[in-house]
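To keep things clear, I will list the structure first and then write my remarks on it.
Worth saying up front: this structure is predicted, and the values here are computed from it rather than measured.
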Number of protein chains: 2
Amino acid sequence: MRPSKRNELVEKALEVFYQNGFHATGMDMLAAETGISKTSMYKHFRTKEDLIMAALCLRDEEFRTWLFRRMAQLGATPRAQLIAMFDALKEWFAQKGFRSCMFIKASGEYPDPSDPIYLKSSEHKRLLFDYIRDLATQAGAEKPDILARGLLLLKEGAIVTAHLRHDENPAKDAKAAAKILLAAALGS
Amino acid sequence: MRPSKRNELVEKALEVFYQNGFHATGMDMLAAETGISKTSMYKHFRTKEDLIMAALCLRDEEFRTWLFRRMAQLGATPRAQLIAMFDALKEWFAQKGFRSCMFIKASGEYPDPSDPIYLKSSEHKRLLFDYIRDLATQAGAEKPDILARGLLLLKEGAIVTAHLRHDENPAKDAKAAAKILLAAALGS
DNA sequence: CCATAAGTTTACTGATCAGTAGTGTTTATT
DNA sequence: AATAAACACTACTGATCAGTAAACTTATGG
């Protein structure tokens, strides 16, 4: 499979898994959606799980790249970037295909803690934490871990709530709460 | 089906759906787990979706009853009860069968906003909000809606994070952040 | 004790699941 | 133009999916 074809498959798989769920999406449906034959798919991904893992890896890269870049664009200082995370989230929630976090959903469908899919989801959240904690340190927090964990609780809560109410307002609420946490940690 | 048998089925379905996921759990597996024949199951639930809905309704009742009672036991004043929500969550996260929130998972597997399963999940969150907002009002908050939404963001974030890291510490982090939000809304 | 309802067993439907075999067709490289 | 890899097509496997039919057994209430 030419790299382009392979990428096309992974990108489409990512989209369909995200919109439809993992168990609910069959390989036949993916073959129909992409126009790529089942045989070709199985040439490059030994199992459905392998394809799911490839999609999750792509998503992990894409999402972190997008979020961190957007935070840097919207905020000049580390502190401003931490707040800008919630402006970026608001943009995400307002996108018409928004359906919560891919990794929250993946760990919901594959809840066994030894499952590679669960582990990848867990890793994604850890990578986000590492970055936010570094920003909290740069912002001068005395306890950057505590601050980062508090902000990320607001982030995860906003994602789940935006999905279940299908509006983007939770980002606004989370931003307001984040400002209070930041003021408490860094002084106003 | 005698009510006891019917309840037995719904309770077992609730447990297995929660642990295993919805699409991943077949009706045959439920029949095997409960010892109740498939025919009998379909006598009382026309479809799998009907059974899922019954399980979700039971969960909604049980969870809200448990949470609100535990908050009342652990907190004397409305303000103390709001903080006690996170102590109750910590107990929940530490239970060995804990696997995130049933309704977050349900809405992940049935993301269509017109699906009854999605709607029930949405309703559950709304009922929680109503109760927390009332407590915030009783606690004397100027903007009880804002306070309630902030606290619930922390709650949802803690649930998701506790699941993806499989430990109960997020409850502690959420409680610390909640105290800050409460102090900002009500004065320390 | 009898009638009725509740529940069981077995076997089935047609659809879909993940994954594979074998054969043909396109495409890029040389 | 020749060759080889990448790809598609059709058809298949055995398992499992949701849901049903028909006959049998058990328990309950009058």
Does B/Tyr18 reach the main-chain N or O of B/Ser100 with its side chain, forming a donor-acceptor pair under 3.5 Å? yes
Pairs satisfying side-chain hydrogen bond (donor to acceptor under 3.5 Å, both in side chains), at least one member in residues 155-165 of chain A, at least two apart: A/Lys125-A/Glu156
Does the side chain of B/Ser40 get closer than 4.0 angstrom to OP1 or OP2 of C/dT8 through an N or O atom? yes
Without swapping roles, check the side chain of A/Glu109 against the backbone of A/Phe22 for a donor-acceptor pair under 3.5 Å. yes
Contact string for nucleotides 14-26 of chain D, one letter per nucleotide 5' to 3', B = base within protein heavy-atom range under 4.0 Å, S = sugar-phosphate only, - = neither, reads ---SBBBBB----
Is it the case that the side chain of B/Arg99 and the backbone of B/Gln19 share a donor-acceptor pair, with hydrogens and angles ignored and the cut-off at 3.5 Å? yes
Looking at B/Phe103, is its backbone amide N or carbonyl O close enough to the side chain of B/Ser107 to form a donor-acceptor pair, meaning the two atoms are under 3.5 Å apart? yes
A/Met41 CE to C/dT20 P: how many Å, rounded? 12 Å
